[in-house]
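Read the structure below first, then the notes.
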Amino acid sequence: MIQQLTKFERRFGLVISVLVAGAGLTLIGMSEDGLLAIHGTIILAAGFIAALLTGGTIHEPEPDAKRLESYYDDPIKFGIIVSMIWAVFGMFMGVWVATLLAYPEWTFDAAWSSFGRLRPVHTTGVIFGFGGNALIATSFHVMQRTSRARMADQLSPWFVLLGYNLFCILAVSGYFMGITQSKEYAEPEWYADIWLVIVWVAYFALYMRTLARRREPHIYVANWYYLAFILVVAVLHIVNNLAVPVSFGHIKSYSAFSGVQDAMTQWWYGHNAVAFFLTAGFLGMLYYYLPKRAGRPIYSYRMSIIGFWGITFFYMWAGSHHLHFTALPQWVQTLGMTFSVMLLVPSWIAAANALLTLNGAWGKVRDDATLRFMFLAAVFYGLSTFEGSFMAIRSVNALSHYTDWTVGPVHAGALGWVALITFGSFYALVPWLWKREGMYSSKLVEVHFWLALSGTLVYVFAMWNSGVIQGLMWRTYNESGALAYSFNESMVAMHPYYIARAIGGLLFLAGAVVGFYNIWKTTKMDTVQSSVPSGDGLIADDASHSR
Amino acid sequence: MFNLHYKLEKYSIRFAVAIILVAAVGGIVEIAPLFTIDETVEQDPNMRVYTPLELAGRNIYIREGCYACHSQMIRTLRDEVERYGHYSLAVESQYDHPMLWGSKRTGPDLARVGEKYSDAWHVRHLTNPRAVVPESVMPSYTWLEKDLRTKDLGQHLAALRKVGVPYTDAMIEHAAQDAYGQANPDSDAAAGVEERYGEATHIRSFDGDSRKTSEMDALVAYLQILGRLSDAATQTPPSAAPSTAESSVTEEAPDGN
């Protein structure tokens with residue numbers, strides 16, 4: 001794969017690798033608390049391996065010029081495999097932490113394996129490891145196909161993917177050691193945050209440079225969503241992570257914001273991580289792979305526009321609904337609630353646009369599990385956005401907040417929407433990329449589909465039940481006007497649902513393992529000789545994607 | 001409108017700029033005024049800052065991810081006020097970088113847990129939660145007996161001063177000594193803690209072992225100060241509450257009774 005890079009790219013890659021290794025060494029040298037040295041060592045090792053790979057091939061001949069006539073797909077293949085590894089890892093951690101809530105002793109007697117440290121390992125593993133790699137990989141595919149242009153260079157996609165995974169590894173290994181900022185979904189400390197900014201700038205630059213080479217006059221809607229994902233996540237990440245480190249030798253930093261301002265900034269970030277990481281990016285996937293797989297054009301151009309700009313504008317106001325009845329001024333709470341309810345309109349327009357695209361292809365939805373993954377994802381997207389808006393209403397939120405009722409819809413979205421659209425897209429994409437006739441086993445795709453669906457339903461129903469019961473028990477009064485239940489009684493009532501939730505998660509994890517096996521076996525199959533199966537075109541003849 | 005868009009989507013840079021502009025509005029309108037509107041945070045001139053020992057305890061609370069299961073934000077709802085105490089005020093977390101309001105109550109709220117239980121109860125509960133609360137699903141924190149790292153606490157205080165917490169030079173200079181003194185009431189260092197942080201500061205051996213200053217000392221010291229840094233909430237009757245929490249408890253009570 002490295003031989004595909006030009007000599008200049010290999011040399012430049014070597015320089016970057018040495019710089020990364022140098023940064024690792026610097027952190028080791030500056031470390032005052034020991035922990036920074038461990039992360040410095042990981043960074044040093046990453047830079048060292050990259051230097052060996054690029055340096056070892058530095059005298060190989062220049063790659064064949066014919067490569068420029070085709071798309072550059074090697075990084076995409078890498079991204080898919082890595083994403084599936086993270087999926088299995090992150091979901092396993094999820095099942096583990098879920099089990100710990102029912103059986104707290106099912107862990108090791110060690111700091112690294114306590115619930116509080118494992119929980120962010122699960123969230124980061126699935127959101128950033130699985131989801132992030134899936135987004136980057138598919139965005140590389142979609143940007144090239146819809147632009148009918150090869151990526152602008154061959155080095156930066158590798159820098160983005162490998163650099164991003166280095167960030168994820170720093171994040172996850174840090175939680176085990178207790179390195180966290182405590183900001184939910186923004187836990188990594190200052191040095192990892194700075195590194196992510198560098199990676200992200202390279203990602204944005206690559207995207208814009210590839211778009212600049214496009215042979216299509218218009219930028220296709222999937223790219224709008226990927227662009228919004230890249231840009232807005234950058235803004236959110238930088239603002240929410242503003243902090244002052246104790247020193248450049250400490251892992252620890254203190255947030256620039258405090259109290260009520262910090263809470264608002266955090267949930268402006270937290271909610272829009274859902275919006276622009278877990279929604280916009282995956283809508284980009286939906287808008288490309290669903291019409292491709294169904295063989296139908298997107299139902300409505302206008303609905304695409306309204307949906308996109310509505311989501312981009314409204315979502316950014318909605319974060320304060322996480323802070324109803326708190327010390328946050330009420331005018332902000334009310335704004336957050338209002339925009340959350342309005343948000344249902346563009347969300348459902350986007351979902352309806354996807355479902356209406358399937359008109360005329362319902363037979364395929366019945367027969368083709370891959371397309372059914374995408375169809376179900378769009379349905380769950382509609383369901384979870386409805387529930388999100390519903391729970392943002394103050395009086396509903398009074399009951400649901402702090403309970404498992406929040407966890408339920410989050411997983412309806414994360415499992416039912418984000419993971420299903422990713423699996424569906426991968427099942428469409430893998431045979432195209434590896435030039436195989438189809439997946440290794442369509443039966444296993446079917447098995448995965450039903451495991452994923454049943455796992456999601458068991459999970460979500462368990463959390464609905466436990467959340468509503470919990471909320472009601474906390475606010476129930478007896479005849480003499482006193483609180484009827486102690487907190488402990490509400491915890492005992494949760495036990496059966498926590499078991500059910502762990503079983504649901506286990507089903508979903510089993511599906512992911514089946515999916516990984518299937519994808520892996522597909523990559524080992526024989527290549528199809530006929531140019532391109534299923535129309536994942538060549539630059540020269542692929543004109544099917546413009547609007 | 002759609003014709004305009006038909007043109008816009010031909011230019012990648014313009015499109016990117018449009019995304020940034022459209023997305024920026026919500027955050028600017030909702031966040032910026034929180035820094036400028038004075039009523040956002042109540043005034044409490046008597047509020048004190050965390051002592052170095054409490055701060056170290058807070059950092060252990062963060063390190064162990066306690067915030068994932070325990071909130072520190074009592075909402076303005078009747079049942080919460082009856083269960084946990086006066087609803088939380090903005091001023092009470094004004095020195096919290098970052099805030100630990102939390103989003104989930106797998107365990108109970110801790111905003112006012114300070115002095116609700118004895119130190120010995122906390123130590124037992126943290127070491128083996130099911131020994132005191134059989135139903136608990138909390139992890140056992142058996143690794144908190146080790147010595148607390150105090151030597152760089154001064155740097156921690158200095159960093160917090162940079163982001164706006166009013167630590168004095170003396171506090172920064174004596175941080176490590178104060179951490180030791182707060183958990184060792186019989187030592188010479190104890191007097192300095194009271195001098196710098198006030199008479200109400202808890203100065204005692206929190207883990208019951210005065211031979212060393214452990215992480216357990218720090219964590220319990222932190223838990224025992226929760227809700228007690230400011231008396232803005234306890235002094236003001238709910239009906240005359242400051243303007244940020246304008247909805248009074250009775251008005252906002254849910255249909256629960």
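Convention: sequence-line order gives letters A, B, ...; per-chain numbering from 1.
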Quick check on B:Phe2 against chain A: is it the side chain, the backbone, both or neither that has a heavy atom closer than 4.5 Å? both
For the aromatic rings, using the six-membered ring if either is Trp, is the centroid distance between B:Phe15 and A:Trp309 under 6.0 Å? yes
With a 4.5 angstrom heavy-atom cut-off, which part of A:Thr180 approaches chain B: side chain, backbone, both or neither? both
Atom OG1 in B:Thr106, atom CG in A:Leu100: separation rounded to 0.5 Å? 11.5 Å
Below 6.0 angstrom between ring centroids: does that apply to B:Trp101 and A:His322? no
Taking every heavy atom of A:Gln261 against every heavy atom of B:Leu34, the minimum-distance pair comes out as NE2-O, 3.1 Å
Please round to the nearest 0.5 Å and tell me the distance separating atom OG of B:Ser88 and atom CZ of A:Phe325. 14.5 Å
Check A:Thr312 against B:Ile19 and note the closest heavy-atom contact, atom names and distance. CG2-O, 4.1 Å
Below 4.5 Å, heavy-atom pairs only: which of B:Gln94, B:Glu64, B:Lys151, B:Met138 has the largest tally toward chain A? B:Glu64
Between A:Asn240 and chain B, with a heavy-atom cut-off of 4.5 Å, which part of the residue counts as in contact: side chain, backbone, both or neither? neither
Picking from A:Leu101, A:Leu211, A:Val232, A:Val492, which has the most non-hydrogen pairs under 4.5 angstrom with chain B? A:Leu101
So what's closer than 4.5 Å to chain A heavy atoms on B:Ala18: side chain, backbone, both or neither? both
Minimum heavy-atom separation for A:His250 to B:Asp152, with atom names? NE2-OD2, 2.7 Å
Minimum heavy-atom separation for A:Trp268 to B:Gly27, with atom names? NE1-CA, 3.4 Å
Max heavy-atom pair count under 4.5 Å with chain B, selected residue of A:Leu227, A:Leu335, A:Val239: A:Leu335
Side chain from CB out, backbone as N, CA, C, O: work out which of these in B:Ile37 comes under 4.5 Å of a heavy atom of chain A, or both, or neither. side chain
Heavy-atom distances under 4.5 Å only: say whether B:Val133 touches chain A with side chain, backbone, both or neither. side chain
In terms of heavy-atom proximity below 4.5 Å to chain A, should B:Leu100 be classed as side chain, backbone, both, or neither? side chain
If every non-hydrogen atom of B:Arg83 is compared with every non-hydrogen atom of A:Tyr485, which pair is closest and at what distance? NH1-O, 3.0 Å
If only side-chain N and O atoms count, and only distance matters, is there a donor-acceptor pair under 3.5 Å linking A:Tyr477 with B:Arg78? yes
Can you tell me how far the CD atom of A:Glu105 sits from the CZ atom of B:Arg130, to the nearest 0.5 Å? 4.0 Å
Are B:Ser103 and A:Trp267 packed together at the side-chain level, in the sense that at least one heavy-atom pair is separated by less than 4.5 angstrom? yes
With a 4.5 angstrom heavy-atom cut-off, which part of B:Leu55 approaches chain A: side chain, backbone, both or neither? side chain
Donor + acceptor pair across side chains of A:Tyr254, B:Asn59 (<3.5 Å): yes
Could you tell me which of A:Glu489, A:Met177, A:Met208 has the largest number of non-hydrogen atom pairs under 4.5 Å with chain B? A:Met208
Would B:Glu80 and A:Arg475 count as a salt bridge (charged side-chain N to carboxylate O under 4.0 Å, His left out) if you check the C-alpha gap in whole Å, the side-chain angles of each, and the deciding distance to 0.1 Å? CA-CA 8 Å; B:Glu80 298 214 354; A:Arg475 59 156 63 167; over 6 Å; no
Exercise: do A:Asp109 and B:Thr142 side chains pair donor with acceptor under 3.5 Å: yes
Let's test your reading of the structure: which of A:Trp224, A:Trp474, A:Phe276, A:Phe204 forms the most heavy-atom pairs below 4.5 Å with chain B? A:Trp224
Which residue out of A:Gly178, A:Ser255, A:Ala275, A:Ser258 racks up the most heavy-atom pairs below 4.5 Å with chain B? A:Ser258
Over 60° means perpendicular and under 30° means parallel, so classify the ring planes of A:His218 and B:Tyr6, tilted if in between. tilted
Output for pair (B:Glu30 CD, A:Trp317 CH2), nearest 0.5 Å, gives 6.0 Å
Checking heavy atoms, do the side chain of A:Val260, its backbone, both or neither come under 4.5 Å from chain B? both
Between A:Ala110 and chain B, which part of the residue has a heavy atom less than 4.5 Å away: side chain, backbone, both or neither? backbone
Under a 4.5 Å heavy-atom cut-off, does chain B meet the side chain of A:Tyr498, its backbone, both or neither? side chain
Contact class of A:Leu236 relative to chain B, heavy atoms under 4.5 angstrom: neither
Heavy-atom contact with chain A under 4.5 Å, split by part of B:Leu8: side chain
Of all heavy-atom pairs linking B:Pro98 and A:Lys183, the shortest is CB-CE, 4.1 Å
Mind checking the NE2-CG spacing from B:His97 to A:Asp262? Nearest 0.5 Å is all I need. 8.0 Å
Heavy-atom cut-off 4.5 Å, strictly under: side chain, backbone, both or neither for A:Arg119 against chain B? side chain
NZ of B:Lys10 to CZ of A:Arg214: how many Å apart, nearest 0.5 Å? 10.0 Å
Does any backbone or side-chain atom of B:Tyr11 lie under 4.5 Å from a heavy atom of chain A? Answer side chain, backbone, both or neither. backbone
The test is side chain to side chain contact (heavy atoms under 4.5 Å, CB included); show your working for B:Trp143 and A:Trp112 and say whether it passes. CA-CA 10 Å; B:Trp143 53 90; A:Trp112 67 268; over 6 Å; no
Okay, A:Phe339 and chain B: the region with an atom under 4.5 Å from a heavy atom over there is neither
Worked check of salt bridge (charged side-chain N to carboxylate O under 4.0 Å, His left out) between A:Asp404 and B:Lys104: CA-CA 8 Å; A:Asp404 290 319; B:Lys104 177 74 173 58; 3.0 Å; yes
Per-residue contact mode, B:Cys66 against chain A (heavy atom under 4.5 angstrom): neither
Pairs of heavy atoms under 4.5 Å with chain B: top-ranked of A:Ser253, A:Gly116, A:Ser113: A:Gly116
